[in-house]
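Structure record follows, encoded as structure tokens.
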2 protein chains.
Amino acid sequence: MAGKRNDADKDVIAGDSPPSSRVALSRDRILDAAISFIDEQGLPGLTMRRLGERLDVEAMSLYRYVGGREELLDGVVARVIDEMHDDDDVISVPTDGWQDFLQRLAHGVRRVALSHPKVFPLVASRPAEAPWLRPPLRSLDWVEMFLNGLSEEGFDDDKSVGAYRAFTSFLLGHLLLEVAVHGADVGPLDVLDEATEPEQDELRPHPNVRKLRSALSEDHSAIEFEESLEELLNRIAMMSSAKTP
Amino acid sequence: MAGKRNDADKDVIAGDSPPSSRVALSRDRILDAAISFIDEQGLPGLTMRRLGERLDVEAMSLYRYVGGREELLDGVVARVIDEMHDDDDVISVPTDGWQDFLQRLAHGVRRVALSHPKVFPLVASRPAEAPWLRPPLRSLDWVEMFLNGLSEEGFDDDKSVGAYRAFTSFLLGHLLLEVAVHGADVGPLDVLDEATEPEQDELRPHPNVRKLRSALSEDHSAIEFEESLEELLNRIAMMSSAKTP
DNA sequence: ACCTGAACACCGTTCAAGT
DNA sequence: ACCTGAACACCGTTCAAGT
């Protein structure tokens with residue numbers, strides 16, 4: 001509805017203004033800049049002033065397009081999950097059964113989580129706009145697609161809702177832990193100092209942790225995701241449709 | 001190890017200083033104040049200066065005990081999960097099988113999550129100190145207890161590790177979604193304005209969401225937690241111990 | 001030993017003013 | 001119409017100074 005990406009063709013680079021003020025500002029450009037900023041520097045480093053700097057503009061100019069820092073972050077969340085629209089492996093309607101449909105959707109969400117590990121915690125923990133917009137599927141479009149797909153596959157209302165709940169909490173738990181390992185953070189500003197590992201001293205009174213330390217550090221996220229997703233789908237398949245109150 | 005709660009019995013209220021500067025400051029008192037502050041006002045409202053105010057002290061005094069805002073938040077996370085030590089339903093070693101053991105632990109974590117809904121997102125998304133400290137079990141003591149318990153119940157190393165991974169991502173997904181419903185937030189400062197629900201307009205192109213809106217808004221967290229936990233335990237029971245590489 | 005005043009650098013945000 | 005300068009209120013944090 002709101003015009004998207006065409007209004008930069010007027011008197012492009014008239015010729016006498018210094019080459020500083022580049023292409024025109026826009027909400028899209030701002031959100032994109034914010035996302036890559038977080039990808040690179042982490043959320044705590046994102047500042048209205050520094051974001052402006054990155055766009056060759058004073059911070060105050062941003063307010064014409066985004067309303068404030070909070071709204072900016074909401075925009076980032078929305079935009080990041082909407083990247084799934086460009087993912088050809090994610091289909092909008094089941095063609096090979098609901099299991100394949102959900103499988104593709106789950107992997108799509110996982111791909112966006114992994115490509116923006118520092119943004120994903122935001123997707124996970126930003127206050128939801130409504131109870132039916134559960135993270136990480138924070139977009140009416142995607143929830144609609146989810147419910148519509150299952151409905152077309154013969155799920156009744158209760159079963160669709162149950163599947164939605166199970167699907168979202170599955171994704172949230174797995175992906176949040178996976179990006180955490182790949183180095184997310186929503187807290188400190190320092191990219192460095194590598195999270196001072198508890199060393200020998202602290203591990204002495206914890207023999208089991210010490211023994212299993214390296215096993216616990218191995219990253220099997222990919223296979224675990226696959227296997228757990230499989231089991232989730234089985235669980236959904238076996239879900240009774242009525243809640244029998 | 002570090003003395004805990006005894007050093008406030010000296011010349012209590014000598015008598016001539018104004019009744020302002022109350023009991024002595026201490027790391028414990030600061031962390032407690034921070035937790036109840038977040039419980040009441042939400043994380044974004046927590047400021048070194050306002051926390052000082054709540055303790056009848058200038059913000060700068062806090063730095064003698066906590067090192068900075070980031071360390072303060074780490075302390076909050078640690079302290080909040082350690083509340084489980086006061087939970088008599090959580091046992092430190094299995095007495096009625098590992099299923100009962102994990103069942104009690106899971107419910108213990110759920111209770112602390114529900115009693116501090118605004119703090120839990122912090123437990124979930126604060127950068128972990130080590131790969132073997134997965135949220136929400138962010139404490140060497142609890143991880144040790146977990147592994148030790150399973151080991152005593154005959155789990156071999158791989159199976160214990162697998163169980164740990166499954167257990168943590170289960171808890172993280174379920175509890176984060178549950179506290180989100182009960183009104184968490186890590187973002188905005190406003191306690192009010194109730195998350196402007198998308199109304200009719202936005203729901204028109206989303207017929208399935210509209211139809212299932214009220215079903216999606218029902219809160220069945222308690223039963224869902226119970227049922228999913230049951231299934232998780234079954235899944236763990238069936239876990240092969242070897243990873244067969 | 002414990003707390004504070006004053007100061008610094010940096011925030012988000014507003015608004016009248018520039019072009 | 002779009003951007004900016006200047007200003008306000010509020011941050012986290014340091015440090016010399018008070019008691």
Side-chain angles (χ1 to χ4, degrees), chain A residues 2-3 6-30 33-34 37-38 41-76 187-190, chain B residues 3 7-30 33-34 37-38 41-76 187-190:
Chain A
N6 47 346
D7 53 273
D9 44 352
K10 296 184 167 183
D11 52 331
V12 233
I13 317 165
D16 73 324
S17 58
S20 52
S21 87
R22 320 299 268 154
V23 298
L25 217 45
S26 76
R27 189 177 162 92
D28 280 349
R29 238 163 62 75
I30 292 174
F37 194 108
I38 299 174
Q41 321 253 10
L43 177 57
L46 180 63
T47 266
M48 296 303 276
R49 292 173 132 106
R50 291 215 269 254
L51 184 56
E53 197 174 320
R54 191 187 185 96
L55 290 162
D56 271 321
V57 117
E58 302 298 313
M60 312 82 199
S61 312
L62 303 176
Y63 287 85
R64 202 157 297 267
Y65 302 90
V66 288
R69 188 173 195 262
E70 292 304 325
E71 195 197 294
L72 173 70
L73 295 183
D74 287 337
V76 164
L189 323 128
D190 44 36
Chain B
D7 52 272
D9 45 350
K10 296 183 167 184
D11 51 329
V12 233
I13 317 165
D16 74 323
S17 57
S20 52
S21 86
R22 321 299 268 153
V23 298
L25 218 45
S26 76
R27 191 178 160 91
D28 280 350
R29 237 163 63 76
I30 292 174
F37 195 108
I38 299 174
Q41 322 252 9
L43 178 57
L46 179 63
T47 265
M48 297 302 276
R49 291 171 132 107
R50 291 214 269 251
L51 184 57
E53 196 174 322
R54 191 187 187 96
L55 290 162
D56 271 320
V57 120
E58 302 299 312
M60 312 81 199
S61 312
L62 303 176
Y63 287 84
R64 202 157 297 266
Y65 304 90
V66 288
R69 188 173 195 264
E70 293 303 325
E71 196 196 293
L72 172 70
L73 295 182
D74 286 338
V76 163
L189 323 128
D190 45 36

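All values below come from the heavy atoms of this structure, side chains included, with hydrogens, waters and symmetry mates left out. Chain naming here is simple, since letters A, B, ... match the order of the sequence lines and numbering starts at 1 in each.
- Protein atom CG of B:Leu55 is 15 Å distant from nucleotide atom C1' of C:dC2, rounded to whole Å.
- Along DNA chain C, the nucleotide nearest to A:Ala59 and the one nearest to A:Arg64 differ in position, and the one closer to the 5' end is contacted by A:Ala59.
- Atoms CG (B:Leu62) and C1' (C:dG5) sit 16 Å apart, rounded to a whole Å.
- From B:Leu62, atom CG reaches atom CZ of B:Arg49 across 11.0 Å, with rounding to the nearest 0.5 Å.
- One interatomic measurement links the two molecules: CD of B:Glu58 to C1' of C:dA7, which rounds to 14 Å at whole-angstrom precision.
- When all heavy atoms of A:Ile30 and A:Tyr65 are compared, the closest pair comes out as CD1-CB, 3.6 Å.
- Closest-nucleotide positions on DNA chain D for A:Val57 and A:Arg49 were compared, and the one nearer the 5' end corresponds to A:Val57.
- Among the nucleotides D:dC11, C:dC3, C:dT14, the one closest to any side-chain atom of A:Met60 is C:dT14.
- Residue A:Arg50 places none of its side-chain N or O atoms closer than 4.0 Å to OP1 or OP2 of C:dC10.
- In this structure, CE of B:Met48 is placed 7 Å from P of D:dG12, rounded to the nearest angstrom.
- Between A:Thr47 and C:dC10 there is no side-chain N or O to OP1 or OP2 distance below 4.0 Å.
- B:Tyr63 has no side-chain polar atom (N or O) that falls below the 4.0 Å cut-off from OP1 or OP2 of D:dC15.
- Nearest heavy atom pair, residue B:Ala59 against residue B:Met48, reads CB-O, 3.6 Å.
- Judged purely by atom type and a 3.5 angstrom limit, A:Ser26 uses its side chain to pair as donor or acceptor with the backbone of A:Arg29.
- Computed from coordinates, the B:Arg27 CZ to C:dC2 C1' distance equals 17 Å when rounded to whole Å.
- The CG-C1' distance, from A:Leu72 to C:dC11, rounds to 15 Å in whole Å.
- An OP1 or OP2 oxygen of D:dC2 is reached within less than 4.0 angstrom by no side-chain nitrogen or oxygen of A:Ser61.
- The distance from atom CD of A:Glu53 to atom P of C:dG12 is 12 Å, rounded to the nearest whole Å.
- A heavy-atom distance below 4.5 Å is not found between the side chains of A:Val76 and A:Leu46.
- For the pair A:Arg69 CZ and C:dT14 P, the interatomic distance rounds to 15 Å; values are reported in whole Å.
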